[in-house]
Amino acid sequence: MGPQQAHQFPSTWPGSQPLSEDAPTVSVGPMKLEVAAAQPPAPSGEGLPTAAVLTALLIKHLHASGVNAVLEQGPEPTAPYTMACSVPQLGYTAQSGYPEQYRYQAELSCTLTDAQAVVWKRSLQQRYETTALLNLLTKIPEQPHQHDRILYKECIVPLWDAMASSVRSALVSRPMLQPSPAAEPSSSAL
């Protein structure tokens, strides 16, 4: 047996790039879920609301795309752009019998505005289907939240990533907001 080497987890994520100082900044408001809840809300202390989790996930995807995103807390926007998103569809349907089919779908609609008007609007959908023709694993109990995990992995993550990339493209193609000329100090007083 050769010598043993210990490896520490790196202090910075390998291959990641910090946000540059000129990265566009967007205030993200809380996401609105337009889908009816299939289950009653969980009692307090049993988890985070779905809208808060989906908003935080979108902020993380925006950061990964190179957009400085901040969660909007107050009524006044803190960034030159404001982003409002809603989720009209999120869930799955199951068709029992032979063959067993599951259809997963998610939809995300976002609007980006600056101080004057709407500058960008997009609605994206992601669908995923599975079919079990023959299930030889009938003795193994189903994993809890198995279908929620599939919905997250196959619909939510790709959709949120595509939306974040689209926001980044829209912001990079726009000229940066410049301060008004009245706010700049005059240099003719010399």
Side-chain angles (χ1 to χ4, degrees), residues 9-38 41-42 47-92 102-115 117-130 143 145-177:
F9 193 79
S11 60
T12 59
W13 195 259
S16 66
Q17 298 291 324
L19 291 176
S20 66
E21 288 184 21
D22 61 343
T25 303
V26 175
S27 291
V28 179
M31 198 165 290
K32 294 180 180 126
L33 290 176
E34 296 175 4
V35 293
L48 294 171
T50 302
V53 172
L54 294 176
T55 303
L57 183 63
L58 181 62
I59 289 172
K60 294 297 181 189
H61 279 274
L62 286 166
H63 280 257
S65 292
V67 175
N68 186 16
V70 294
L71 181 61
E72 192 61 51
Q73 297 294 334
E76 287 297 315
T78 58
Y81 296 100
T82 304
M83 188 170 170
C85 295
S86 65
V87 180
Q89 293 181 11
L90 183 64
Y92 64 92
Y102 292 93
R103 290 185 179 95
Y104 305 88
Q105 62 183 18
E107 183 178 352
L108 179 61
S109 297
C110 293
T111 304
L112 189 66
T113 57
D114 63 7
V118 172
V119 295
W120 174 89
K121 188 173 187 173
R122 185 121 193 224
S123 182
L124 298 175
Q125 292 183 349
Q126 180 74 22
R127 297 173 197 259
Y128 182 77
E129 292 185 16
T130 62
Q143 297 175 353
H145 308 291
Q146 171 186 355
H147 298 292
D148 295 330
R149 288 185 190 124
I150 293 171
L151 179 67
Y152 174 79
K153 180 181 173 189
E154 301 296 340
C155 290
I156 294 174
V157 169
L159 185 60
W160 268 233
D161 191 41
M163 187 62 79
S165 295
S166 186
V167 168
R168 169 73 177 160
S169 297
L171 289 174
V172 167
S173 66
R174 287 188 56 80
M176 293 298 289
L177 290 178

Please name all residues satisfying side-chain contact (heavy atoms from CB on, under 4.5 Å) with [X], sequence neighbours left out, ordered by chain then number.
X	value
E129	R103
E107	P88, Q89, S109, S123, Q125
R149	Q143
A69	V28, I59, L62, H63

Discussion item. What verdict does the side chain to side chain contact (heavy atoms under 4.5 Å, CB included) test give for Y152 and V157, after you've listed the backbone C-alpha separation in whole Å, the side-chain angles of each residue and the deciding distance to 0.1 Å?
Written reply: CA-CA 6 Å; Y152 174 79; V157 169; 3.5 Å; yes
Item to complete: Output all residues satisfying side chain to side chain donor-acceptor pair (under 3.5 Å) with Q126, sequence neighbours left out; order by chain, then residue number.
Response: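 Per chain and number, Q126 pairs via side chain to side chain donor-acceptor pair (under 3.5 Å) with no residue.
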Item to complete: Can you measure from CZ (R168) to OG (S65) and round to the nearest 0.5 angstrom?
Response: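 Result: 8.0 Å between the selected atoms.
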Item to complete: State the OG-CG distance between S166 and L124, to the nearest 0.5 angstrom.
Response: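 CG of L124 is found 6.5 Å from OG of S166.
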[X] side chain vs [Y] backbone, donor-acceptor pair below 3.5 Å:
X	Y	result
T55	M31	yes
S165	D161	yes
D148	L151	no

Contact between [X] and [Y] at the side-chain level, heavy atoms closer than 4.5 Å - yes or no?
X	Y	value
T25	P80	yes
V26	T82	no
T111	W120	no

Worksheet item: So L33 and L54, side chain to side chain contact (heavy atoms under 4.5 Å, CB included) or not? Walk me through it.
Response: CA-CA 9 Å; L33 290 176; L54 294 176; 3.8 Å; yes
Worksheet entry | Reference residue C110; test side chain to side chain contact (heavy atoms under 4.5 Å, CB included); the match among K121, M83, R122 |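 Filter result, single survivor: M83.
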Item to complete: Sort out for me which residue in L108, V87, L58 forms a side chain to side chain contact (heavy atoms under 4.5 Å, CB included) with L159.
Response: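 That would be L108; it is the only one of L108, V87, L58 passing the side chain to side chain contact (heavy atoms under 4.5 Å, CB included) with L159.
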Practice prompt. I would like to know whether V67 and Y81 meet side chain to side chain contact (heavy atoms under 4.5 Å, CB included); could you show each step before the answer?
Written response: CA-CA 11 Å; V67 175; Y81 296 100; over 6 Å; no
Fill in: Taking every non-hydrogen atom, the tightest pair across P24 and L171
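The answer is CB-CD1, 3.7 Å.
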Fill in: Which residues share a ring pair (Phe, Tyr, Trp, His ring centres under 6.0 Å) with Y92, sequence neighbours left out
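Applying ring pair (Phe, Tyr, Trp, His ring centres under 6.0 Å) to Y92 gives Y104, H147.
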